[in-house]
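In what follows, residues are counted from 1 in the order of the sequence shown. Counting starts at 1 for both ligands and their atoms, in listed order. What you see is a predicted model; the values in this text were computed from it and never measured.
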Amino acid sequence: MRGTLLCDMLLALLFTHGVFASKFQEYILAPKHRSVTPLSLHAVYGDVKNADALCTNVHEPEGQRFGPNSSIILDFGKNIAGTVDFNVRSVSGTDEYIGFSFTESSMWISPYHCDSGTSATYDSPLWFNIPKKGRYAADKSHQRGGFRYLSVWHNSTGTVSLEDLSVSFTASPEMENPADYPGYFNSDSEKLNRVWYAGAYTNQLCTADPTTGNALGIPGTNWYYNGTIANGTSVLMDGAKRDRLVWPGDVVISAPSVFVSTNSLDGIKNAIDSLFILQQSDGRLPWAGAAFTRPGYFPFSFTYHLYTLLDLHLYYLYTGDVEYLAHYWGQYKKAISWTITTIDSSKLANVTSTNDWLRSGMGGHNVEANAVLYYTLDISLQLAEVLDDHSQDDLWKSIMNGIKTSVNERLWDPAQNLFFDNDHNQTPNAIHPQDGNSWAIIANLVDAGRAAAISTALTDRWVKPYGAPAPEAGATISPFATGFEVQAHFLAGFPDRAIDLIEFMWADFMLDDPRMTNSSFIEGYATNGDLHYAPYDNDARISHAHGWATSPTSSLTFYAAGIQITSGGGKTWMVQPRLGNLQRIEAGYETPLGHFSASWMTDPGTKAIIGSFNTPKGTSGTLILPSVEEKVIVKGSKGVVHPVSSADGLKFEGLSGGNYQIRLG
Ligand SMILES: *[C@@H]1O[C@H](CO)[C@@H](O)[C@H](O)[C@H]1NC(C)=O
Ligand SMILES: *[C@@H]1O[C@H](CO)[C@@H](O)[C@H](O)[C@H]1NC(C)=O
Ligand SMILES: *[C@@H]1O[C@H](CO)[C@@H](O)[C@H](O)[C@H]1NC(C)=O
Ligand SMILES: *[C@@H]1O[C@H](CO)[C@@H](O)[C@H](O)[C@H]1NC(C)=O
Ligand SMILES: *[C@@H]1O[C@H](CO)[C@@H](O)[C@H](O)[C@H]1NC(C)=O
Ligand SMILES: *[C@@H]1O[C@H](CO)[C@@H](O)[C@H](O)[C@H]1NC(C)=O
């Protein structure tokens, strides 16, 4: 009995961690082992002997010798996170020091200072006094959350010889092997493949031990990370270098991309807990978690308040953990009740807090805020169904109807085929926001015609080769707001636009530009390609690993490969591939109920999408395929299945979990 059980468990382990981990492993940027060594030597200054001795695969028995005031720059080839650890072979001199400087971008490489985790111009090196030979290591509060380049500066007058320099990788502490991904993605576009894995890795860099959070307000000299921002083993933060805080808006983008790749959800749960514990007695949830929010200081954002509720929904969706959902349901409803008090005679919420994702002009009858509210109420009705609590259904539905009618009547600008930001400035020069227009499509506030028109108008504004602009935040390109735009193009029926945007903005610019890390995604930049983010005075402060920039990872899986779960743990699902001009795509991920996967190709002659998909036994769902003139045959384990409608794509309903083959007839 016990033997069989053990055997089953081993088999299960093999299945969850063996089979899928090996798929497309070559794209995974996370290290398999936590001790990471520098890939190459980038520069040498002054009298240094065996300057490459600290690099991977170099065996120099004498180690590396630094003469007076000398330094080297090491390149890890990708953004990493961790504590430095090294051995001193020998030292001569009286008061010897070694200082380490860190930078994510090549723009701030210097032996004499780091880029910046703070608002100060630069952060100081991390100094070690070297009185004698032996092993030295930084403690965990002196880990650097994001860096690709590491400089080693010997500022003193004697000589110091170093060997065995490594960085102990501190990101994703909850993962035994950070390179063990149950999810995978591959297509005939190498750009998309690299973007998918860089998004996954970005979120790993943004996941840390919750006692090493908060880079805001720390000094630039002798910096440290020692804020406790959540309970538990790990927490999903906004950025790796900074802020190292829980921002619920960021989680709305990063959580889905975590789910489809590492499926390591511990940091999401701890983040959600850290937000609900800060709820005010009137129902309001905080703009950000501890230690940003603290006793006597409660900054509020209308959208981020709702994002905490959406984060809870995502966690429930990915785990099927009804108990966890039920635990917060009272607080959830209280948060919705507060929001409803902001609805006025226009039937729209009147937003009175200016805080949002650092865009400007938030307030009044804002389209983004009302679209997010509409979407949240829709989700709330689904959760009410799960918990069989229909006490609020009528109220929530009537508010949704009011918002839908009012947004479309009061905020639409037919001259631009876009929504105005609000109703207090509707002049020709008024802002037509990227966030609100994208959200209007995601929230299903608009009909198909209006969705298509918005998609076209947003595409016409692209600033190639840099990205899609967010005029509501100045001359800014926001990978966060553009993440919503990517989803909007897929949902409006224009997968080619979504894929084009991901390829030129995320791959050609955000990976391949030499100022980027070629491995993780930046927080924001300017429409002229400068790595200047309008809200910050100090460009060295910009984070180059920001989870809110990772929408393509989940979007490619959910929309391009088209595998979506629609209820807790994957009990129900919808499969709807959108290949655009791609020839081939395959993707898969794990849920508590089993594996979901799909493998598609575009038939060259007919342009029909053919291939196969697999969903777990005991689940059920819907398949939607594009209509083509040719006959497509869908065959499951119980034989051929037939579409219920073919008006707007071929729709197959009530399919039971299992394997399906889609072939030309
Ligand atoms: C150390 O060397 C750098 C150039 O390699 C120079 O700019 C700096 O002034 C030197 N510092 C001292 C204290 O000599
Ligand atoms: C080297 O840096 C350390 C740490 O900042 C400092 O205490 C020391 O005076 C510096 N040495 C020289 C020679 O500048
Ligand atoms: C963090 O470290 C600083 C400097 O050592 C110290 O002053 C501060 O009290 C520490 N904060 C916490 C929360 O431990
Ligand atoms: C950790 O949990 C305790 C007990 O619920 C709570 O008091 C504390 O505020 C939590 N810490 C954070 C940072 O959320
Ligand atoms: C929204 O509420 C604020 C504060 O109560 C009020 O000053 C403002 O006029 C309202 N805006 C609209 C568009 O009703
Ligand atoms: C960027 O990373 C990819 C692997 O993800 C690598 O093939 C490519 O050479 C790198 N580009 C540069 C310029 O280092």
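The salt bridge (charged side-chain N to carboxylate O under 4.0 Å, His left out) contacts involving residues 196-218 comprise Lys140-Asp209, where partners must be two or more places apart or lie in separate chains.
By the criterion of a heavy-atom distance under 4.0 Å, neither the backbone nor the side chain of Lys78 is placed next to ligand 6.
Listed for the Arg34 side chain is a donor-acceptor partner under 3.5 Å among the backbone atoms of Phe169.
Below 4.0 Å from some heavy atom of Asn155 lie the following atoms of ligand 2, by number and element: 1 (C), 2 (O), 3 (C), 8 (C), 10 (C), 11 (N), 12 (C), 13 (C), 14 (O). Here is the list of ligand 6 atoms found below 4.0 Å of a heavy atom in Asn518: 1 (C), 2 (O), 3 (C), 8 (C), 10 (C), 11 (N), 12 (C), 14 (O).
For the residue pair Trp196 / Asn186, no side-chain donor-acceptor distance below 3.5 Å is found, with atom types taken as modelled.
Between Phe300 and Tyr304, the ring centre distance reaches or exceeds 6.0 Å. Note: Tyr466 and Phe504 fail the aromatic proximity criterion, with ring centroids not under 6.0 Å apart. Here the two rings, on Trp247 and Trp287, have centers that are under 6.0 Å apart. You'll find the ring centres of His42 and Tyr149 inside the 6.0 Å limit.
Contact shell of ligand 3 (protein heavy atoms, cutoff 4.0 Å): Tyr224, Asn226.
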